[in-house]
Structure formats: structure tokens, C-alpha cells
Q: 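Okay, here's the structure, questions in a sec.
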Amino acid sequence: MVRIKPFCGIRPPKEHAAEVASRPYDVLNSVEAQREATERSLLHIIKPEIDFTPIADEHGEAVYRKAMENFARWRKEGWLQQDPEEYYYVYAQTMEGRTQYGLAMCCHYEDYLSGAIKKHELTRPDKEEDRMIHVRNQQANIEPVFFAYPDDAEIDAIVAEVTKEAPEYDFTAADGFGHKLWVIRDRKTNDRITERFAAIPALYVADGHHRTAAAARVGAECRAKNPSHTGNEEYCYFLAVTFPASQLRIIDYNRLVKDLNGLTPAELLERLAESFVVERMGAEEYRPTALHNFSMYLEGAWYSLTAKEGTYDDADPIGVLDVTVLSNLVLDKILGIADLRTSKRIDFVGGIRGLGELKRRVDSGEMKVAFALYPVSMQQLINIADTGNIMPPKTTWFEPKLRSGVVIHSFAE
């Protein structure tokens, strides 16, 4: 079972919602954030280095202080206002005609520590520490994490009923994705959501592993400082938007490599033929069509690579993943890239940027070869999390991303 609760959300008034809400801190760099940030944008709070000239080191003390000053100012100016009571919120996102409906809620940090909130990625201590400083300083979860839960018919029915009413927010962001928010003010409905989630066996981290780990560590810190700790304090809870697993879509997460490890293109193709059926597809973009089929862009041409029988293990939740197949058979075995986390010879591109981005970077000479992968399924992610396994780095890319600033959770006294 998992413990969740409603909360007194801090959020923009309706007329400012579209401007305040921003892309998450980790999907754009400081220069992009500075270019994108309008006067009331949450980017001034989650990427406050953009308020310095020149742009400051994002890990500097002055930058962390600036985040606190900006959060306080946004509240003073009325650009962020706190709801008077604890509510759940329905947050809907629409991309390419498809809508997914999540519940904004507070989850308990002990569920993460116990494994009731399941992860599928490792985190880096330095990134955890950076997020911890922000959470600790602000005494708030400014940005939500993105969770999935096993589908539940009663929760679906509650959400369907709530969304019959007009939403509190309804805006389309610059990327063309739609965002809506409903506030669930009916007390019985809120209570029923809490009760229903108590029967849900687990939640799954979809996106936001570092923010989740940081929130859990801050919760544990607060507990250690409170001799009267009961487990019900507001600091025990952190902000998540949680979606039915069947509604979520994972898109491809692709690879670019800077060199061919001393091989000529012809030698690379020869080596690939040991483990793959290699077909030259020509100049037209080729996208993988099934599991264990890959796309490669090399010297102005696209290729289809289909892994041969016996080169992968479909019975193994990690071995079945195409990121594993590519790493084992190509990146490590042929190109000499053993550690995806530390190698400077490889880069990763979310599929939202399209195959054209892979072509552009190879054609420019910056990279020598690109590989596009068939997307991981939600069921694969759940299988890995349920078995306590960890996915290789840069395996999943969820779209659309949650907008930050649609609703915020504070645990300040």
C-alpha cells in the first residue's frame, strides 16, 4: 500500500497560469532558460542562475539564495497563491490529440525508502545534493515528480467525473502541448481518493528520480531533527503527479557517437553484420519498427539493423531491452564504450527532437554515427521496477513533460 494525502497547493491565479508554468529545470540549459523566461516564469525560481549577468554557476550559494528570494517575491506579488484547504488536483496533458489524466498529490517519503515507490534508474549523488539544497532552502517541492500507478477503474471514474466540469486552467504551451487543471474541492471525493490509493500496491517513478530521492532525503533529515516526529508531518510528504500506467507513452531515447573507434565505415558495417541483419535503407529517414530492430545513420545513409536470434535474452527483464542489446553488441563490443555514464564519446538525444536531429549532428561532423531505438514499453519499465532491477542510463523519455509551477507543495511550518 502507499500513503498519499491532499495538500494546500500553491499555484498561479488563472490569468497568470500559462506564463508562470514552465518546462522542468532539467530539459533546457541556462541559455535556453534565459531566452524562454518571461517576467513571471517559474524558470526564475527553478533556474535562478539566469537572473545573473553573465549567467552564474547554478550550484553557487548566491544562486540558491536567489531561488529563495524569487519564490518569496512571486508569492508577495500574488503570482503564486496558496489554496485555503487541502485538495487533490487533476492535471491533464494533451499531445498530438492524445490526453493523459494525472492526480497531483503528496506521497510519503518512507514509501520511497521502503520500496513501495519503485525506481528503475540509479541517481547521481551530486544531482541529488543540488535538488536537496533547493527543497531544503525553499521548504517546498517546487517541481512535481512524475509517477505511474497500476490502472484502477474507480480512480478512473472519479477523474472522469471531475473533468466533466470546466477546468481551472486551460492553456496551450509554446511547444503546442495542452495543459488543464481541475481542483477537487469536494471533501468526500478527496477522502475516497486517499482510501483508494491505500489499496494500490505500488507507485512507479516515471520521470524525476533525482527529485524523488532528494525529497526523501530531506524528509529523513527533518525527521532526525524532530524528537516528536509522528510520521504525519507535512515534511514527510512530497509532490507528485501520478498517472494510470496505461495512459503513459515512452518515446525513443537515441544515441550519437563521436568516432568509430578506429574503424572505417566499411569495417563498422562488416563488424555489425556479425550480430545484425544489416540493410541499407538510403537517404530517407528510417525509424525502428519493432523490438530488436535499430536505425543507424552513417555517412549520409540510413540503415536497418535487426539483432540476430541468440544475441539477446527476452526472458531477462534487462536483457530484453534494446538499450542493453545495443550497448552489448555495438557500443561496448565494437565501439569500445563500456560505461555510458562516464564516456565523453557518446551523447543522448530524446526522440522528441526527431530523427532529423541525429542526421544533423552526424552531417555536421560533430558525430560520426547515430543509433535510433524502438521505445521501451511501460510494461517493460514495470517489470524492471518490480524485480528490483535498474535500467541502463538514458533508457526512457516521457512526453509530454509536466509543466513546473502548475501547482507547488510547501511543508514550511
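Predicted model only: the values in this text are computed from it and were never measured. In what follows, residues are counted from 1 in the order of the sequence shown. Scope of the values below: all heavy atoms of this structure, side chains included, with no hydrogens, waters or symmetry mates.
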Q: Report yes if the distance between the aromatic ring centroids of Tyr312 and His292 is under 6.0 Å, otherwise no.
A: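 Centroid separation for Tyr312 and His292: below 6.0 Å.
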Q: Other residues, nucleotides and ligands only: do more than 12 of their heavy atoms fall within 6.0 Å of NZ on Lys401?
A: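 Counting other residues, nucleotides and ligands, NZ of Lys401 exceeds 12 neighbours.
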Q: Inspect the contact between Lys47 and Glu36 and indicate whether a charged nitrogen and a carboxylate oxygen are less than 4.0 angstrom apart.
A: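 Lys47 and Glu36: not salt-bridged.
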Q: What verdict does the side-chain hydrogen bond (donor to acceptor under 3.5 Å, both in side chains) test give for His134 and Tyr64, after you've listed the backbone C-alpha separation in whole Å, the side-chain angles of each residue and the deciding distance to 0.1 Å?
A: CA-CA 7 Å; His134 281 288; Tyr64 290 123; 5.1 Å; no
Q: Quick one: does Val369's side chain get under 4.5 Å of Tyr297's, heavy atoms only?
A: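 No, too far: nothing below the 4.5 Å cut-off.
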Q: Only pairs at least two apart or in different chains count here, so list each salt bridge (charged side-chain N to carboxylate O under 4.0 Å, His left out) that has a residue in residues 2-13.
A: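 Only Arg3-Glu110, Arg3-Asp111, Lys5-Glu86, Lys5-Glu234, Arg11-Asp83, Arg11-Glu168 qualify under salt bridge (charged side-chain N to carboxylate O under 4.0 Å, His left out).
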Q: Would you say Ile10 and Phe71 make side-chain contact, with heavy atoms under 4.5 Å?
A: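 Sidechains of Phe71 and Ile10: in contact.
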Q: Between Arg75 and Gln82, is a side-chain hydrogen bond (donor to acceptor under 3.5 Å, both in side chains) present by the stated rule, with each step listed?
A: CA-CA 9 Å; Arg75 298 185 72 177; Gln82 189 156 21; 3.1 Å; yes
Q: Tell me whether Asp252 is salt-bridged to Arg287, with the criterion being a basic N under 4.0 Å from an acidic carboxylate O.
A: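 Looking at Arg287 together with Asp252, the answer is yes, because their closest N to O distance falls below 4.0 Å.
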Q: Within 45° of the axis and under 6.0 Å from the centre of the six-membered ring of Trp397, does NZ or CZ of Lys394 qualify?
A: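 Judged by the rule (NZ or CZ under 6.0 Å from the ring centre, within 45° of its axis), Lys394 is not positioned above Trp397.
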Q: Using the benzene-type ring in the case of Trp, are the ring centres of Phe238 and Phe7 under 6.0 Å apart?
A: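 Ring centres of Phe7 and Phe238 not closer than 6.0 Å.
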Q: Is the shortest distance from a Lys or Arg side-chain nitrogen in Asp26 or Arg211 to a carboxylate oxygen in the other one below 4.0 Å?
A: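 Looking at Asp26 and Arg211, the cut-off is met.
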Q: Who pairs with Arg65 by side-chain hydrogen bond (donor to acceptor under 3.5 Å, both in side chains), at least two apart in sequence or on another chain?
A: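 Partners of Arg65 by the side-chain hydrogen bond (donor to acceptor under 3.5 Å, both in side chains) criterion come out as none, since no residue qualifies.
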Q: Salt bridge or not for Glu129 and Arg217, using N-O below 4.0 Å?
A: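 The answer is yes: the pair qualifies as a salt bridge.
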Q: Does the distance from a Lys or Arg side-chain N to an Asp or Glu carboxylate O, for Glu195 and Arg192, drop under 4.0 Å?
A: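 Counted as a salt bridge, because a side-chain N and a carboxylate O are separated by less than 4.0 Å.
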Q: If you look only at pairs with a residue in residues 257-279, which of them pass as a salt bridge (charged side-chain N to carboxylate O under 4.0 Å, His left out), with sequence neighbours excluded?
A: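 Sorted pair list: Asp259-Arg345, Arg271-Glu274.
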Q: Walk me through whether Thr306 and Asn293 qualify under side-chain hydrogen bond (donor to acceptor under 3.5 Å, both in side chains).
A: CA-CA 4 Å; Thr306 304; Asn293 177 241; 3.0 Å; yes
Q: Can you list the residues that meet the side-chain hydrogen bond (donor to acceptor under 3.5 Å, both in side chains) rule with Asn232, with sequence neighbours excluded?
A: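 Partners of Asn232 by the side-chain hydrogen bond (donor to acceptor under 3.5 Å, both in side chains) criterion come out as none, since no residue qualifies.
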Q: Going by the rule side chain to side chain contact (heavy atoms under 4.5 Å, CB included), which residues pair with Asp170 if we only count those two or more places apart in sequence or in a different chain?
A: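 If we apply the side chain to side chain contact (heavy atoms under 4.5 Å, CB included) test to Asp170, skipping adjacent residues, the hits are Pro167, Lys180.
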Q: Classify the angle between the aromatic ring planes of Trp182 and Tyr101 as parallel (below 30°), tilted (30 to 60°) or perpendicular (above 60°).
A: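 Rings of Trp182 and Tyr101: tilted, as their planes differ by 30° to 60°.
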Q: The test is side-chain hydrogen bond (donor to acceptor under 3.5 Å, both in side chains); show your working for Tyr88 and Thr194 and say whether it passes.
A: CA-CA 9 Å; Tyr88 291 113; Thr194 305; 2.7 Å; yes
Q: Can you name the side-chain hydrogen bond (donor to acceptor under 3.5 Å, both in side chains) partners of Asn190, sequence neighbours left out?
A: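 Here no residue qualifies.
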Q: Tyr237 vs His108 aromatic rings, parallel, tilted or perpendicular, using cut-offs 30° and 60°?
A: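 Judged by the thresholds at 30° and 60°, the geometry between Tyr237 and His108 is perpendicular.
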